Amino acid sequence: KLGRSLDNTIRKIRRLPQVDKDAINALIQDLQRALLSADVKVELVFEMTENIKKEAMNTKLQKARRKDFIIKLIHDELIKILGGKPAPIRIKPGKKNVILLVGIQGSGKTTTVAKLAKYYLAKGFKVATVTSDTWRPGAYEQLVQLTEKIGVRCFGNLNEKNSIKIAVKETKKAILEAFDIIIVDTAGRHKEEKELMEEMTKIEQSLKPNEVILVIDGTLGQQAYSQAEEFAKATNLGSIIITKLDGTAKGGGALSACAATGVGIRFIGIGEKIDEFEEFEPIKFVGTLLG
Amino acid sequence: KTLTEKKMDEAINDLKLLLVSNDVAMDTADEICNKIIDSFKGEQIGRLTSTKKMVFDTLKDVITGILTPENEVDLLDEIKKKSKKNEPYVIVFIGVNGTGKTTTMAKIAYFLKKNGFSIVAAASDTFRAAAIEQLSYHMNNVGIRVIKHSYKSDPASVAYDAIEHAKAKNIDVVLIDSAGRQVSDKNLMIEIQKICRIAQPDLKILIADSLAGNDALYQAREFDKHVGIDANILTKLDADARGGAALSISFETKKPLLFIGVGQNYEDLIPFDRDFFISSILD
Ligand SMILES: Nc1nc2c(ncn2[C@@H]2O[C@H](COP(=O)(O)OP(=O)(O)OP(=O)(O)O)[C@@H](O)[C@H]2O)c(=O)[nH]1
Ligand SMILES: Nc1nc2c(ncn2[C@@H]2O[C@H](COP(=O)(O)OP(=O)(O)OP(=O)(O)O)[C@@H](O)[C@H]2O)c(=O)[nH]1
Ligand SMILES: [Mg+2]
Ligand SMILES: [Mg+2]
C-alpha cells in the first residue's frame, strides 16, 4: 500500500550510480509525493523529509553517496514514527482484563471486536464481548451474529439506553461468569461530537480497562492526525488497529495517527472475515515498504 | 527559469499542498494545478500582478468547472417523471465498507416520504452481520416496507423482487441497499455489476466517506468503470472533513454531488451547496 508508492522511490535510488546533492533533492521530492499520495499528513511529511534531507546532506558525501545509507535514513525515520512493536497487552490471569475499542463511525470497531475475540480465544483465554453501542440500529445483533460463529458470548441489553451503565453492568456480569478477557464495543464517534467524546471518557473511567484501542479506517486521510489526537486526549489510548488494508487504501493515516498519539499499531484488519486479522510488525512493514 | 515562472511554480506548489491538506487526492490536485497552468499559457504576467492572486482566481473557475456536472439531476423531478409513466424509480446505493450507505438510504427514504412519494426498500446486503436487521430498523422508523430474503441469498434477486413488488403495487420508488465492498475485490465488483444489470436502476449513487483521502479517488474511478456512477453523496462532513473528496469524486465521475451527510439522524442530509463549498475550501 504505502509500500507501492515508496517502491518507485527506492527503485530510483537503487538505479543511481551514486547519490549527490541534486539527486538527494530529487529523491526527497519523490518521497514527499509518495507519502502524500499515501495519505500521510502534510506537515508530518515535511517534518520527516526535512530530517532525512538534513542527515543526508550533513553526512560526509562519501558516505551519503551510498544509496543504502539513504534507504536506511528513510527506514529509520518511518520506524521512529511508527514506534517499535508494542509489547503485548498485559493479560493478568485470574483477574478481570478489559479491552475497550473506540473510533470514528464505520471504522470497523464491531467487526474488530469479534476478530480480537477470536485472536485471544486461539491463545487459550476465556473471552466474552460486550456491546455498549445503544445508538446504532442492529449493533447488538451484529456483534452477536459475529461472535456466535466462534462460540463467544456477547453481553448486551437492548432495554438499556445509557451506554455507560450498560458497559459497566454487562462487563460486571461477564466478570462474574469468570471470563478472562472482556472486549467492549462502543458506538462510533468523532472529535466534533463533544458529548460523545465525554461519554467515551466516562466509559473508560468507569471500566478502567487494561487497554483502550483506537480503530482507524485504512482510508482515513488528512483528518487522521487531529482525530487521533482528540481520542488520545479523551482517553488513555494504548494502541491503534488499522482496518480495511485489504483494499486500495494505503494506510498513511496510520502513520499520522501514531505521530499524533505516540502509540503503536497492534493489529491490522485485512478483510471482513473474522480471521482476516494480523499482528502489525513495524520492522517487517517498513522492510516490505522499502523493498 | 524566469522570475515569474519561479513565482508561478511556488504559487502552484503551495496550492497543491493546500488542496492535499484539504483531502483532495494527489492526482486530482495535479490535474487542478495543470488546468491552472494551462490557463496561463501565453499570458503575460504583469510585474505588478500578484501571482498568488491570479492563481487563486483561476482556481475558483477550475473548481467551479469540476463541481458543475454535464447534467444536473433534480431527484424529485426525475421521480415524478417516472411516476407519470407508472414505473418505479429505482435507486441503488453503492460504496466501500462503512461509508454510510444504509444510513444514507434511510435519510433519502425519509426525504422522499416527506415529499409524498411511496417507497419500498430492498435489503440487498445479504452478507454482512445484522445488515438486514439494521435496514429493517431504519425503514420501520421511516414507515417503509422492506423486501428481504435470507442471509447469503442472491442480492440481485432481492432487488428484482422489490422492483416487481413496486410495479404490482404502483409504488413510486425502489431503494436498494448493497453490501460494502472493496474495489480491488474482483468477485464483489462482479456482484455489484450483476445487481445493476438485473435492477436496471435509474440512479446508481456512490456513497463516499468525506474522511477518506486518496482512496476516494480510487473508489470513484473503479465504481464508475465497473457499473457507471450517476450521482454522488458525501457523508460524515460533520466530522470536520475538509471536503476535498468532493473534488476528487466529481472530477473522476463528472456526475452531480447531490447531497452531503452531516450527521447520523434522518434530517442530517442536505443538498450540496456548490457556492458555499467553494468559498469554504478557498478560505
Ligand atoms: N474489507 C474490509 N472490511 C472491513 C474490515 N473491517 C471492517 N470491515 C467492514 O467495514 C464495515 C464497517 O464495520 P463495522 O464493524 O460495522 O464498523 P463500526 O466501527 O463498528 O461502525 P459503527 O459502529 O457504525 O461506528 C463493515 O462492512 C465491515 O464488514 C477490513 O479489515 N476489511
Ligand atoms: N457522523 C456521521 N455519521 C454517519 C454519517 N452517515 C453515516 N454515519 C454513521 O456511519 C456508520 C456506518 O453507517 P452505515 O450506514 O452502516 O454504513 P454502510 O456503508 O451501510 O456500511 P456497510 O454496509 O457495512 O458497508 C454508522 O454509525 C452511521 O450512523 C454522517 O453523515 N455523519
Ligand atoms: Mg459498530
Ligand atoms: Mg450497510
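Hydrogens, waters and symmetry mates are skipped; everything else that's a heavy atom, side chains included, is used. Protein chains get the first letters and strands the later ones, always in sequence-line order, with residue 1 at the start of each. Only a predicted model underlies this, so the values are computations on that prediction, with no experimental measurement involved.
The parts of B:Gln134 that come within reach of chain A are both its backbone and its side chain, each placing non-hydrogen atoms under 4.5 angstrom from that chain. For chain B, no part of A:Tyr140 is nearby; none of its heavy atoms comes within less than 4.5 Å. For B:Asn97, the parts lying near chain A are the backbone and the side chain together; criterion is any non-hydrogen pair under 4.5 Å. Using a 4.5 Å cut-off between heavy atoms, A:Glu141 contacts chain B through both its backbone and its side chain. For B:Val20, the parts lying near chain A are the backbone and the side chain together; criterion is any non-hydrogen pair under 4.5 Å. Within the 4.5 angstrom heavy-atom criterion, only side-chain atoms of B:Asp30, from C-beta onward, approach chain A. With a 4.5 angstrom heavy-atom cutoff, A:Leu143 does not touch chain B via any of its atoms. Interface remark: A:Glu43 contributes no atoms to any contact with chain B (heavy atom separation under 4.5 Å).
Looking at B:Lys255 and B:Asp224, no side-chain N of the basic residue comes within less than 4.0 Å of a carboxylate O on the acidic one, giving no salt bridge. A salt bridge is absent between B:Lys7 and B:Glu10; no separation between the charged side-chain nitrogens and carboxylate oxygens falls under 4.0 Å. Electrostatic pairing of B:Arg181 and B:Glu191 counts as a salt bridge here, judged by a charged N lying under 4.0 Å from a carboxylate O. A salt bridge links A:Lys233 with A:Glu230; the closest basic N to acidic carboxylate O contact falls under 4.0 Å.
Contacts with chain B were tallied for A:Gly138, A:Gly108, A:Pro137, A:Ala114; A:Pro137 has the most, counting heavy-atom pairs under 4.5 Å. Here B:Ala239 is the residue among B:Ala216, B:Ala239, B:Ala131, B:Gly98 with the most heavy-atom pairs under 4.5 Å with chain A. Listed options B:Ile132, B:Thr102, B:Asp240 were ranked by heavy-atom pairs under 4.5 angstrom with chain A; first place goes to B:Asp240. In terms of heavy-atom pairs under 4.5 Å with chain B, the best-connected choice from A:Gln227, A:Arg136, A:Gln32 is A:Arg136.
Heavy-atom contacts from other residues, nucleotides or ligands closer than 6.0 Å to NZ of A:Lys194 number more than 12. Surrounding CD of B:Gln193 are more than 12 heavy atoms belonging to other residues, nucleotides or ligands, all under 6.0 Å away.
Checked against a 6.0 Å centroid threshold, the rings of B:Phe272 and B:Phe277 count as neighbours.
B:Asp209 contributes atom CG, which lies 9.5 Å from atom CG of B:Asp23 (distance to the nearest 0.5 angstrom).
The closest side-chain donor-acceptor pair between B:Ser250 and B:Asn232, if any, does not fall under 3.5 angstrom. No donor-acceptor contact under 3.5 angstrom links the side chains of B:Asp154 and B:His149, judged on distance only.
Within residues 260-270 of chain B, the residues approaching chain A closer than 4.5 Å by heavy atoms are, in numerical order, B:Gln264, B:Asn265.
Note: A:Phe277 and A:Phe267 have parallel aromatic rings, judged against thresholds of 30 and 60 degrees for the angle between ring planes.
When each of B:Val62, B:Ile32, B:Leu217 is tested with B:Leu247 by the rule side chain to side chain contact (heavy atoms under 4.5 Å, CB included), just one qualifies, namely B:Ile32.
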